[in-house]
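Inspection log for the structure reproduced underneath, given as structure tokens.
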Amino acid sequence: MRKINIESSQAVSIDKLPKIGPEFFNRPTLLVAQELLGTVLVRQIDESILTGRIVETEAYFGEDDPASHAHGGPTPRNRIMYGPAGFAYIYFIYGNHHCLNFVTEAEGFPAAVLIRALHPLAGVKIMRRNRGQANLADLTNGPGKLCLALEIDKSLNGISLYSDELHLVRGDYHWFEISNGPRVGVSQGKNRRWRFFLKDDPYVSNPIRSK
DNA sequence: TATTGGATCGCC
DNA sequence: GCGATCCAATAG
């Protein structure tokens, strides 16, 4: 029976924490993007468990969204976005980095939420090893950083978010304020303020943190 | 087959 | 502020 510090206060058994089910993701994307804040991402690798509280997300919605990979219709790369909700869409970008997305909405409609930043909880030692540096606040404060820290790459593309390897559980972190702003790194669709994050949280990614 | 640009990061 | 680095999409 594995014991783990999910929220730093008391050790609980990871087996007893109910996974968040696929129905959570099969809902309006902007709602899911906000309700994901405060939940805990669990990454299990063999005997190791890495967890982090989601503190920053971005929504990508439909083929009409110019910033979405699905803008312009289905391709081999974006096909997971067209599938049912509750699966991971993972892609490689800028020749260096992976990004983790959760597919939302009904099958056939391309939408997803990009996970942009985590507050590291369990497995910090392994995350530090994976990232090759020691500053806790810089471990998972960006989409590429958190994938490296949690050993998430394209081999997990299309995996169920109800799997042991990768899933979500509810945190006990509730009383926060949600801020929103323009999405990061997109050249089009700037008018959509679909980046959501915990107000004043130190683990949010750096660019344009406030306002 | 070639070219171009991208939902980034870390170092200068 | 800029280079690394390479995949995906588009054009030819």
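These figures come from a predicted structure and were not determined experimentally. By convention in this document, chain letters (A, B, ...) are assigned in the order of the sequence lines, proteins followed by strands, and residues within each chain are numbered from 1.
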Can you confirm whether the side chains of Ser205(A) and Arg116(A) place a donor and an acceptor under 3.5 Å from each other?
yes
Could you state the atom-to-atom distance from CG of Asp153(A) to C1' of dT8(B) in whole Å?
16 Å
Taking the nucleotide of DNA chain B with the nearest heavy atom to each, does Leu148(A) or Met81(A) sit closer to the 5' end?
Met81(A)
Please give, in whole Å, the distance from dA8(C) C1' to His71(A) NE2?
15 Å
Nearest whole angstrom, please: distance from the P of dG6(B) to the CG of Asn78(A).
17 Å
Nearest listed nucleotide, side chain of Asn101(A), among dC7(C), dA9(C), dA7(B)
dA7(B)
What is the distance, rounded to the nearest whole Å, between atom NZ of Lys145(A) and atom P of dT8(B)?
12 Å
Nearest-Å distance, CG (Leu139(A)) to C1' (dC9(B))?
14 Å
Evaluate the criterion salt bridge (charged side-chain N to carboxylate O under 4.0 Å, His left out) for residue pair Arg195(A) and Glu56(A); output intermediate values, then yes/no.
CA-CA 7 Å; Arg195(A) 171 176 173 255; Glu56(A) 182 177 353; 2.7 Å; yes
OP1, OP2 of dA9(C) versus side-chain N and O of Arg77(A): anything below 4.0 Å?
yes
With a cut-off of less than 4.0 Å, is there a side-chain N or O of Lys154(A) near OP1 or OP2 of dC6(C)?
no
Taking atom C1' of dT8(B) as reference, at what distance in whole Å does atom CG of Asp138(A) sit?
14 Å
Identity of whatever pairs with dT5(C) - Watson-Crick or G-U, under 3.5 angstrom:
none
Under 6.0 Å from the CG atom of Asn135(A), do we count more than 12 heavy atoms belonging to anything else shown?
yes
Over 12 non-hydrogen atoms of neighbours within 6.0 angstrom of CZ in Arg27(A):
yes
Tell which nucleotide pairs with dA7(B), taking only Watson-Crick or G-U wobble pairs whose two distances are both under 3.5 angstrom.
none
Taking the six-membered ring of Phe92(A) as reference, does the cationic atom of Arg77(A) (NZ for Lys, CZ for Arg) lie under 6.0 Å from its centre and within 45° of its axis?
no
Could you state the CD-P distance from Glu56(A) to dT8(B), rounded to the nearest angstrom?
10 Å
Under 4.0 Å between a side-chain N or O of Arg131(A) and OP1 or OP2 of dC9(B)?
no
Phosphate-side-chain proximity, Thr75(A) and dA8(C), N/O vs OP1/OP2 below 4.0 Å:
no
Taken to the nearest whole Å, CG/Asn135(A) to C1'/dG10(B) is 14 Å
Would you say the ring centroid of His167(A) lies under 6.0 angstrom from that of Tyr162(A)?
no
Name every donor-acceptor pair, under 3.5 Å, that has one atom in a side chain of residues 99-110 of chain A and the other anywhere in the protein, sequence neighbours excluded.
{"unit_1": "Asn101(A)", "atom_1": "ND2", "unit_2": "Tyr89(A)", "atom_2": "O", "d": "3.1"}
{"unit_1": "Thr104(A)", "atom_1": "OG1", "unit_2": "Thr29(A)", "atom_2": "OG1", "d": "2.7"}
{"unit_1": "Glu105(A)", "atom_1": "OE2", "unit_2": "Thr29(A)", "atom_2": "N", "d": "2.8"}
{"unit_1": "Glu105(A)", "atom_1": "OE2", "unit_2": "Thr29(A)", "atom_2": "OG1", "d": "2.7"}

What are the residues of residues 87-98 of chain A, sorted by number, that bring a heavy atom to within less than 4.0 Å of DNA chain C?
Phe92(A), Tyr94(A), Gly95(A), Asn96(A)
Below the 4.0 Å mark, does dA7(B) have OP1 or OP2 next to a side-chain nitrogen or oxygen of His69(A)?
yes
